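Fair warning: this is a prediction, and the values are worked out from it, not measured in the lab. Whatever order the structure lists ligands and atoms in, that order sets their numbers, starting from 1.
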Amino acid sequence: MSIKERLTIIVVISLLTILGLYGYIVKITLDIDSELTQIEKIEKFEENISQLGLITEYYLAEQEQRYENRILQLIEELEGQSAEIAQFSRFHVVGESIPSLRSAFGLVFAMNNEPELYPDSELREELLSRASIRIRSDVRQLKSISHSVATDHINNIKLLQVDQRLDFLFILVPAILALCLLAYFMKRRIILSLDKLQDGAGAFASGKLDARIDVGEGDEFGELAVQFNSMAEKLESLVQKEKTLNRKLEEQADKLRTSNEDLENFASVASHDLKEPLRMVRNFMGLLQQNYSDKLDDKANRYIHFAVDGAQRMTVLIDDLLEFSRIGRKYTEVEERDVGEIVNEVIKYYETTIASEEAVVRVGKMPVIPCVPMLLRRLFQNLIGNALKYHARDRVPEIEIEAEEKEDCWQFSVSDNGIGIEKEYKEEIFVLFKRLHSTEEYSGTGMGLAMCKKIVEQHGGRIWVESEVGKGSTFCFTIKK
Ligand code: ADP
């Protein structure tokens, strides 16, 4: 049975007990009230009887007429009272005695008031004496009956009180006991179940994931325990899955670390081994040009120039590739740095080009931000380098570097008034080795912007370009705060 149903039963039993008790008390009170009213009436009746007895004695002694009216009046009152009392109790005996009293008085009054009707004085005295005796005996009888009836009513009250006590003992006490028992068992069930729930939940919270609750079935606690157990089961399996996943992740991270180290070794060995023969080609070609240029024809000299240039570009390509592979692996130390300082270092790096191109470089207010300084320098170096490289031939290069604070990031921009980029290449230029011009037109490896993208993404940001062919380009990127 559910706790709600049990509670409802207890409340209903309590209400019924209270209602029954109230009804019972009302009934007993009404019964006692009616008994008390009867007793009051009988007491008044007794008073009148006593008065009648007294006046009768006076009358019989003095035989004065002034008492007669009072006697008749009292008999009338007694008649009325006895009729009322007889409705409730065994009082009809009294009702029967009063007419005989009235007729005895009638005889006495007649003998006293009309003595001529009784010429024989001896007989009259005799009759008067008998009537007096009868009156006195009737009065006494009435007194004793009314007294006994009053006693009956008093006994009734006592009986009612005894009944009341017994009823309390046999009806109310068991009802209260039953209620107490019900309440006790319910409290026990609630407290025991709560204890078990608390223990189970506490054990689970402290990390014992196999902790389950058993409080039996059939009520809300049972349902709660079932739900808790199913939740605990799901959580346990989730935690198990997470542990397995973490283990796999750790294994993969280990593998990745090892393969990164291998890659790093491979890259540096490869770059060293590749650059060595290139240096030799460059050196020997240089020597060939130096010592034999006058003996070789123009065509052979041009070939030598191509070979030296190719070897040089190959060296730059290898350096760029090595650097590209190191972003996010080798340079990871984050520091608070003034971006203005980094930008100035880059401007200093391009000092000669800026001077030769008579370029104008304007730098706005730069913030201090947490970043990998080495990478941020490389980022500005590529963007400012491109702005200088891809300038329009017919005008002085103007470069503007700005920073703007956004809600969750800093937004930087490098704008130029150079040759601009066609709309369709806005995305492609960030792909590794993507170039829009030949090496003859503009030197380069096609790795600069791909490197920029990688650096920005490592700083939790994004990079894009806004450009118009023939007017210039603005490269924007964000760095997460
Ligand atoms: P690289 O400069 O070595 O060719 P990048 O990755 O830096 O390689 O640039 C890719 C291509 O994007 C360039 O070949 C060039 O055509 C274009 N580009 C980059 N920067 C600019 C710029 N500021 N103005 C015009 N074109 C640009």
Side-chain angles (χ1 to χ4, degrees), residues 271 275 278 309-328 331 342-343 346-347 349-354 356-364 374-403 411-459 461-478:
S271 79
K275 272 158 76 180
L278 275 176
D309 185 53
Q312 233 157 12
R313 277 196 291 119
M314 185 78 166
T315 313
V316 176
L317 198 68
I318 290 168
D319 284 342
D320 280 0
L321 260 177
L322 192 65
E323 206 171 333
F324 184 83
S325 80
R326 280 174 174 167
I327 298 169
Y331 314 113
I342 294 176
V343 172
V346 175
I347 291 171
Y349 175 83
Y350 285 118
E351 215 171 26
T352 333
T353 325
I354 291 171
S356 67
E357 300 288 346
E358 295 176 345
V360 181
V361 183
R362 282 185 288 271
V363 183
M374 164 76 190
L375 295 182
L376 206 65
R377 190 177 304 112
R378 186 68 214 213
L379 175 63
F380 276 110
Q381 195 175 314
N382 288 357
L383 294 178
I384 296 170
N386 279 353
L388 286 167
K389 185 163 57 171
Y390 298 106
H391 72 268
R393 307 274 178 220
D394 57 343
R395 51 184 181 262
V396 172
E398 283 183 30
I399 302 167
E400 219 160 81
I401 301 142
E402 306 268 5
Q411 184 174 317
F412 297 90
S413 62
V414 178
S415 321
D416 61 51
N417 59 343
I419 57 170
I421 299 163
E422 281 185 46
K423 225 175 172 181
E424 57 191 290
Y425 298 116
K426 271 171 72 177
E427 309 286 331
E428 267 183 64
I429 50 170
F430 295 100
V431 175
L432 197 63
F433 301 127
K434 178 68 190 176
R435 305 205 67 223
L436 303 183
H437 305 93
S438 65
T439 338
E440 284 73 36
E441 279 180 292
Y442 296 98
S443 66
T445 56
M447 292 182 69
L449 290 180
M451 210 181 279
C452 290
K453 190 167 184 257
K454 206 169 171 190
I455 293 171
V456 169
E457 280 170 0
Q458 203 197 326
H459 283 82
R462 63 185 193 95
I463 186 166
W464 68 98
V465 67
E466 285 151 15
S467 181
E468 209 176 312
V469 177
K471 286 203 171 163
S473 318
T474 300
F475 282 86
C476 303
F477 66 88
T478 58

Could you go through Y349 and R377, starting from their C-alpha distance and side-chain angles, then the distance that decides it, and tell me whether this counts as side-chain contact (heavy atoms from CB on, under 4.5 Å)?
CA-CA 11 Å; Y349 175 83; R377 190 177 304 112; over 6 Å; no
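For ligand 1, the polar-atom distance check against H437 finds a nitrogen or oxygen pair separated by under 3.5 Å. No N or O atom of A450 sits closer than 3.5 Å to an N or O atom of ligand 1. Ligand 1 has no N or O atom lying under 3.5 Å from any N or O atom of I419, backbone or side chain.
Atom 12 (O) of ligand 1 has its closest protein heavy atom at I429 CG2, 3.3 Å. Scanning all protein heavy atoms for the shortest distance to atom 4 (O) of ligand 1 gives R435 NE, 2.5 Å. The protein heavy atom nearest to atom 19 (C) of ligand 1 is N386 ND2, 3.5 Å. In terms of protein heavy atoms, atom 8 (O) of ligand 1 is closest to G446 CA, 3.2 Å. From the protein, the heavy atom lying nearest to atom 26 (N) of ligand 1 is I421 CG1, 3.3 Å.
Residue F475 touches ligand 1 through its side chain alone, judged by heavy-atom distances below 4.0 Å. The side chain of D416, and not its backbone, has at least one atom closer than 4.0 Å to an atom of ligand 1 (non-hydrogen atoms only; side chain from C-beta on).
In summary, the aromatic rings of F380 and F477 are positioned with their centroids under 6.0 Å apart.
Using a 4.5 Å heavy-atom cutoff, the side chains of V414 and N386 are not in contact.
For atom 15 (C) of ligand 1, the candidate residues are Y425, F433, Y390; the nearest heavy-atom contact is made by Y390. Atom 9 (O) of ligand 1 has its nearest heavy-atom neighbour, among T474, D320, L449, in L449.
Of all atoms in ligand 1, numbered sequentially from 1 with element shown, those under 4.0 Å from a heavy atom of K434 are 10 (C), 11 (C). If you number the atoms of ligand 1 from 1 as listed, the ones under 4.0 Å from a heavy atom of S473 come out as 24 (N). Every atom of ligand 1 with a heavy atom of G444 under 4.0 Å away is listed here by number and element: 3 (O). Counting the atoms of ligand 1 from 1 in the order shown, those under 4.0 Å from a heavy atom of L436 are 14 (O), 16 (O). Residue contact check: K389 has heavy atoms under 4.0 Å from atoms 1 (P), 2 (O), 3 (O) of ligand 1. For ligand 1 and G420, the ligand atoms under 4.0 Å from any heavy atom of the residue are 25 (C).
Contact detail for P397 and E357: the closest heavy-atom pair is CD-O, 3.4 Å. Closest approach of S413 and T474 over heavy atoms only: CB-CG2, 3.9 Å. Of all heavy-atom pairs between R393 and E441, the closest is NH2-O, 4.2 Å. The two residues G418 and D416 make their nearest non-hydrogen contact at N-OD1, 2.9 Å. Minimum heavy-atom separation, E398 to N417: N-OD1, 2.8 Å.
Interatomic distance, OG1 of T353 versus CG of L388, reported as 6.0 Å (0.5 Å rounding). Atom CD of E323 sits about 5.0 Å away from atom CE of M451, to the nearest 0.5 Å. Put simply, CE on M314 and NZ on K275 are 12.0 Å apart, with the number rounded to the nearest 0.5 Å.
At a 4.0 Å cut-off, not a single heavy atom of N382 sits close enough to ligand 1 to count as contact. Heavy atoms of G418 come nearer than 4.0 angstrom to ligand 1 in no pair at all.
The neighbour count for E358 CD, taken as heavy atoms of other residues, nucleotides or ligands under 6.0 Å away, does not exceed 12.
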